[in-house]
Amino acid sequence: MRVLLTGGAGYIGSHTALELLGRGHQVVVLDDFSNSSPEATRRVGELAGQEVPLVRADLTDPEATRAALEGIDFDAVVHFAGLKAVGESVAQPTRYYRTNIDSTLVLLDLMRERGVTKLVFSSSATVYGDPRYVPQDEAHPVGQALTNPYGWSKAMIEQIITDTATAWPELEAVLLRYFNPVGAHPSGRIGEDPSGIPNNLMPFIAQVAVGKRAELSVFGDHYDTPDGTGVRDYIHVMDLAAGHVAALEHAAPGVTAYNLGSGTGSSVFDVIRAFEAASGVAVPYAVVAPRPGDVANVVANPEKANRELNWATTLTLEDACRDSWAWQSQNPNGYAAN
Ligand code: UFG
């Protein structure tokens, strides 16, 4: 397949591009580099031993996108492009809705114009909101009592894709609900490069370990979990990338949602300990107040993806910590010149 990756220079996009190339597919990366670097795609090409075509365009702009993709053929799309910082989405709701929704609308129109029917969408377990039960399967209610515009935008896009499939029965769409992606390619050449202060646990820990930040704030230790800290289902980004390839290869007419997670929960203290063991570096921390909007326990039931996509995680939290450390210690300033 020749696969267009929107937002393909980002964290998950770059690892997925590499995985697709390794499986014999061709890729085209489309990105506006608002929160990513062309260097990520250059390194994907270096690791894959081939140059990766890169198209710079703002996907919310239909004319610019159409012009940028003129003469470039593709027969499937993985749609990663979008804004993803939960806290920022609360402060800037119109920007989040405009960017995430407009880009999807432009993409769907373009796909229909060109007769491209295969779509994999980068969704999130956040569409389940505050879990009614754990582990969550795909039958868990979606789009109820979500706590931030980022999460709502993901749920709305799932609905937009579903409505589009009703009007266009040839569409073969897969909604991938990611749990907590962590880790990096084992080479340490590509990884997560957050701008500014990391919002997420693993990149924050990595920056503490490398000496860029003094200590980790642990957001609450009185949750109803075994050690009182929040429990999440951490999934290695290479397993996540493999899940996209499986989804593309199994896409069928209509819309199907899959959880991509391991089925195993780890606490904040578990992650700190695993990172310390993998890096050999102490990670100082202080327990502070819970973060507004956080929940105690989010763990995937990944059985549907295991069964239907013939996909399961193969890497552990320890593998993710080792690879995240390789990336962070070799690239303390991310893709910026070190
Ligand atoms: N945490 C800390 N300190 C930090 C950062 C996080 O203690 O500095 C804790 C959180 O309280 C939580 C756990 O670490 O218990 C994981 O937090 P993350 O911010 O890494 O991840 P979240 O589970 O909050 O959110 C992630 C993605 C969202 C996505 C969601 C789906 O960032 O985009 O998973 O479950 F929507």
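In each ligand, atom 1 is the first atom listed, and ligand 1 is the first ligand listed. For this chain, numbers begin at 1 and follow the sequence in order.
If you look at Y234 next to ligand 1, the close heavy atoms, those under 4.0 Å, all belong to the side chain.
Taking the charged nitrogens against the carboxylate oxygens, R273 and E276 have no contact shorter than 4.0 Å, which rules out a salt bridge.
The T126 neighbourhood of ligand 1 comprises atoms 31 (C), 36 (F), with distances under 4.0 Å to a heavy atom of that residue. Within ligand 1, counting atoms from 1 as listed, the ones closer than 4.0 Å to a heavy atom of N199 are 5 (C), 19 (O). Listed by number with element, the atoms of ligand 1 under 4.0 angstrom from any heavy atom of S124 are 29 (C), 31 (C), 36 (F). Close contacts of ligand 1 with F219, meaning ligand atoms under 4.0 Å from a residue heavy atom, involve 1 (N), 2 (C), 3 (N), 4 (C), 5 (C), 6 (C), 7 (O), 8 (O), 11 (O).
Between K84 and ligand 1, no pair of N/O atoms sits closer than 3.5 Å. For ligand 1, the polar-atom distance check finds an N/O of R291 within less than 3.5 Å of one of the ligand's N/O atoms. Checking only distances, S217 does come within under 3.5 Å of ligand 1, N or O to N or O.
For atom 21 (O) of ligand 1, the nearest non-hydrogen atom of the protein is N180 ND2, 3.0 Å. The protein heavy-atom contact nearest to atom 20 (O) of ligand 1 is L201 N, 2.9 Å.
Applying the side-chain contact (heavy atoms from CB on, under 4.5 Å) test to A242 and every residue at least two apart in sequence or in another chain returns E19, W311.
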Name the atoms and distances for all side-chain donor-acceptor pairs under 3.5 Å in residues 74-81, with sequence neighbours left out.
residue : atom : partner : partner atom : Å
D75     : OD1  : R2      : N            : 2.8
H79     : ND1  : T6      : OG1          : 2.7
H79     : NE2  : T104    : OG1          : 3.0

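A donor-acceptor pair under 3.5 Å is formed between the side chain of D239 and the backbone N or O of T314. With R43 contributing its side chain and R189 its backbone, the two residues share a donor-acceptor pair below 3.5 Å.
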